[in-house]
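A short worksheet on the structure shown next.
Side chains are part of it too, since the values below use all heavy atoms of this structure and drop only hydrogens, waters and symmetry mates.
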Amino acid sequence: MQLRRQNTFIALGLVALCVWFFASQRSQSGETTHSHEQFWRDFHPLLVDSAPNCQPPVRLGNAESAGFDPKSTEPLPDLLRMPADDIAQMKQAHTAFVNTIERAPPELSYQSRTRGLVSTAGGPYLPTLVISLRMLRHTGSTLPMEVFLADWEEYDGYICQVILPSLNAQCVVLSEILEAVPDSTNKIEKYQYKIFAMLFSSFEEILFLDADAFALQKPEDLFQADPFKSKGLITWPDFWRPTTSPMYYKISSPKDSPTQPANPTGLRQSTESGEVLISKRTHLRTLLLAAYYNFYGPSHYYPLLSQGAAGEGDKETFLAAASALGESFYQVSEPIRAVGRRTPNGFAGSTMVQYSPIEDYALTKKGVWRVKGAGAPTPNPFFVHVNYPKFNPATIFAENGVTSPVIDEKGQYTLAWTASEEVVASFGHNLQQRFWEEIRWTACVLEGKILSWKGKTGICQQTRDYWNSIFGNSAGKMMNQS
């Protein structure tokens with residue numbers, strides 16, 4: 001009887017502890033949300049007061065998406081036109097905004113000395129995010145994640161209340177914060193969400209990851225070493241040369257930035273923003289100016305920063321903001337790699353690979369720039385960004401108009417990643433098998449339970465069929481080892 005009574009007291013104590021914990025979490029979340037709302041009330045008028053107040057630049061065409069060549073001396077493309085008075089007006093507005101945030105920036109809410117992951121997802125991107133997050137947890141990382149949804153229409157109860165909490169992640173509805181300023185949500189969509197997710201996250205130091213990107217090594221390591229410790233902002237390169245309009249430099253008058261040179265020739269690769277590492281404490285003003293560029297991005301700053309080249313959107317705003325303010329940053333010099341499979345028509349890429357900034361920084365400190373073809377060892381891959389098409393098990397087997405990464409030209413299942421061979425080999429043993437284990441798990445656990453798959457059937461079975469064909473027999477295992 002006494003033992004039963006003790007067990008009862010222990011059980012009640014555990015219940016009380018759980019109630020206290022979740023109540024404190026809700027209270028803390030509510031306080032953070034309230035602080036974010038106050039920041040938005042303070043920051044939104046600064047954005048509005050510094051509006052460009054002129055017509056957008058006129059496009060004469062789109063810049064060519066040419067591969068990055070560090071030896072190229074070709075000038076930047078010049079494919080936009082604006083009257084001189086409009087350029088002057090944009091420069092005046094830009095200068096006014098920069099002066100304001102340098103003199104008295106609004107107070108950004110975050111929990112000091114915290115680190116975490118931030119992503120944006122919603123609707124059909126949520127299953128992809130689940131797969132990516134489960135892959136990331138294989139590294140041993142325990143970093144919490146905040147997943148920002150545009151509004152309640154993107155909210156999925158099963159994923160947000162059951163799946164993500166089991167992975168130390170939670171959903172945040174962005175409109176709940178933005179609606180603190182009436183009608184401000186009408187201005188923000190698509191590529192603009194990323195910077196606002198970063199601003200409104202609760203962490204001091206954040207690694208932003210696209211929903212279709214995951215780490216191969218523990219992200220915790222990045223926060224604890226250079227270049228992040230000394231620079232406070234890390235970005236990764238895209239395939240392309242920069243295509244910034246010369247007019248942007250007239251408008252922004254960028255300061256000399258205390259960072260590494262672009263490379264020995266003075267050129268820098270364009271940015272692929274599927275991964276961004278930043279400290280809010282050291283780079284508050286960079287985030288605020290990047291938010292300004294994104295707030296007026298679709299109309300004015302996206303064309304100024306990319307001129308219609310591949311991926312025009314938020315991707316160039318982070319380094320542009322840091323450069324304009326003279327704040328430090330480090331862009332990984334190791335070139336991005338494409339992974340996919342060879343087809344009768346050439347190469348069908350579906351995935352991008354980014355490399356360790358810690359190893360890259362160690363090389364550049366020694367004056368070794370592998371982007372020039374130096375013979376130093378390649379840094380280890382750090383991120384895999386499965387960008388096109390999305391490996392959503394509900395759609396990956398039936399992508400219309402896209403060369404399927406998993407079905408070959410004879411209609412047979414195939415491995416998605418077979419080329420280039422050296423990059424696939426650098427992943428280590430059985431990465432594709434682990435990836436498809438998580439795709440299979442996601443397909444079978446989420447089918448019939450999530451909104452974006454409503455009315456769809458056979459998702460789990462087809463994923464299992466693929467798994468059995470590729471990995472479930474000796475032939476599949478041989479393919480996986482090749």
Under a plain distance cut-off of 3.5 Å, with no hydrogens placed, do E334 and T378 share a side-chain donor-acceptor pair? no

Heavy atoms only: give me the nearest A310-K315 pair and the separation to one decimal. O-CE, 3.3 Å

Roughly how far, to the nearest 0.5 Å, is CG of L304 from OH of Y249? 11.0 Å

Look up atom CD1 in I336 and atom CD in Q269, then write down how far apart they are to the nearest 0.5 Å. 9.0 Å

Which heavy atom in L233 sits nearest to a heavy atom in S328, and how many Å separate them? CB-O, 3.9 Å

For T243 and A309 the tightest heavy-atom approach is OG1-CB, 3.5 Å

Does some side-chain heavy atom of L305 sit less than 4.5 Å from a side-chain heavy atom of Y248? yes

Side chains of I459 and W453: does their closest heavy-atom pair fall under 4.5 Å? yes

How far apart are the closest heavy atoms of T128 and K390, and which atoms are they? OG1-CB, 4.2 Å

Is the ring pair F196/F295 parallel, tilted or perpendicular, if the boundaries are 30 and 60 degrees? perpendicular

Is E421 salt-bridged to R342, cutoff N-O under 4.0 Å? yes

Under 6.0 Å between ring centres: does that hold for F148 and F200? no

Minimum-distance pair of heavy atoms, taken over all atoms of M198 and S201: O-OG, 3.0 Å

In F435, F382, F383, the residue satisfying ring pair (Phe, Tyr, Trp, His ring centres under 6.0 Å) with F214 is F435

Residues R341, E409: salt bridge by 4.0 Å N-O rule: yes

Are M90 and Y301 packed together at the side-chain level, in the sense that at least one heavy-atom pair is separated by less than 4.5 angstrom? yes

Calculate, to the nearest 0.5 Å, the distance between atoms CG and NE2 belonging to N99 and H94 respectively. 10.5 Å

Would you say P56 and P303 make side-chain contact, with heavy atoms under 4.5 Å? no

Side chain proximity check, Y110 to R281, heavy atoms < 4.5 angstrom: yes

Any sub-3.5 Å donor-acceptor pair from R137's side-chain atoms to L167's backbone N or O? yes

Does atom NZ of K365 have more than 12 heavy-atom neighbours from other groups under 6.0 Å away? no

Pi-cation contact, Y355 with R337 (under 6.0 Å, within 45°): yes

Whether over 12 other heavy atoms sit under 6.0 Å from Y125 OH: no

Using atom types as modelled and distance alone, determine if a side-chain donor or acceptor of T364 lies under 3.5 Å from a backbone N or O of Y361. yes

Do you see a donor-acceptor pair shorter than 3.5 Å between the side chains of D86 and Q55? no

Within the 3.5 Å criterion, strictly below it, is a donor on Y330 or D360 matched to an acceptor on the partner's side chain? yes

Students often mix this up, so state it plainly: with edges at 30° and 60°, are the rings of W436 and F397 parallel, tilted or perpendicular? tilted

Within 6.0 Å of NZ in K250, more than 12 heavy atoms from elsewhere: no

The salt bridge (charged side-chain N to carboxylate O under 4.0 Å, His left out) partner of E205 among R115, K229, K280, R113 is R115

Output yes when a side-chain donor or acceptor of E272 lies under 3.5 Å from a complementary backbone atom of W236, and no otherwise. no

Starting from the C-alpha separation in whole Å, work towards a yes-or-no answer on side chain to side chain donor-acceptor pair (under 3.5 Å) for E437 and W467. CA-CA 8 Å; E437 284 173 358; W467 167 269; over 6 Å; no

Please determine, by modelled atom types, if Y193 and N294 share a side-chain donor-acceptor pair under 3.5 angstrom. no

What's the verdict on side-chain contact (heavy atoms from CB on, under 4.5 Å) for Y302 and T317, showing C-alpha distance, side-chain angles and the deciding distance? CA-CA 8 Å; Y302 292 167; T317 61; 4.2 Å; yes

Hey, does the side chain of E220 reach the backbone of T142 with a donor-acceptor pair shorter than 3.5 angstrom? yes

Taking atom types as modelled and ignoring hydrogens, do the side chains of E64 and W240 form a donor-acceptor contact shorter than 3.5 angstrom? no

Restricting to non-hydrogen atoms, name the atom on R59 and the atom on E312 that form the minimum distance, rounded to 0.1 Å. NH2-OE2, 2.6 Å

Under 30°, 30 to 60°, or over 60°: which ring-plane class applies to H44 and W40, parallel, tilted or perpendicular? perpendicular

With a 4.5 Å heavy-atom cut-off, do P242 and R268 have their side chains touching? no

Would you say the side-chain atoms of S132 pair up with the backbone N or O of A211, donor to acceptor, closer than 3.5 Å? yes

Partners of Y296 by ring pair (Phe, Tyr, Trp, His ring centres under 6.0 Å), sequence neighbours excluded? Y292

Applying ring-ring contact (aromatic ring centres under 6.0 Å, His included) to H36 and F43, what does each step give before you reach the verdict? CA-CA 10 Å; H36 289 322; F43 185 46; over 10 Å; no

Using side-chain contact (heavy atoms from CB on, under 4.5 Å), reason through L216 and T139 one step at a time and then give a plain yes or no. CA-CA 6 Å; L216 298 176; T139 68; 5.6 Å; no

Counting only heavy atoms not in Q224, do more than 12 fall under 6.0 Å of its CD? yes

If you count heavy atoms of other groups shown closer than 6.0 angstrom to CD of E153, is the number above 12? no

So W417 and V384, do their side chains get closer than 4.5 Å, heavy atoms only? yes

Heavy atoms, side chains only, cut-off 4.5 Å: are P165 and Q170 in contact? no

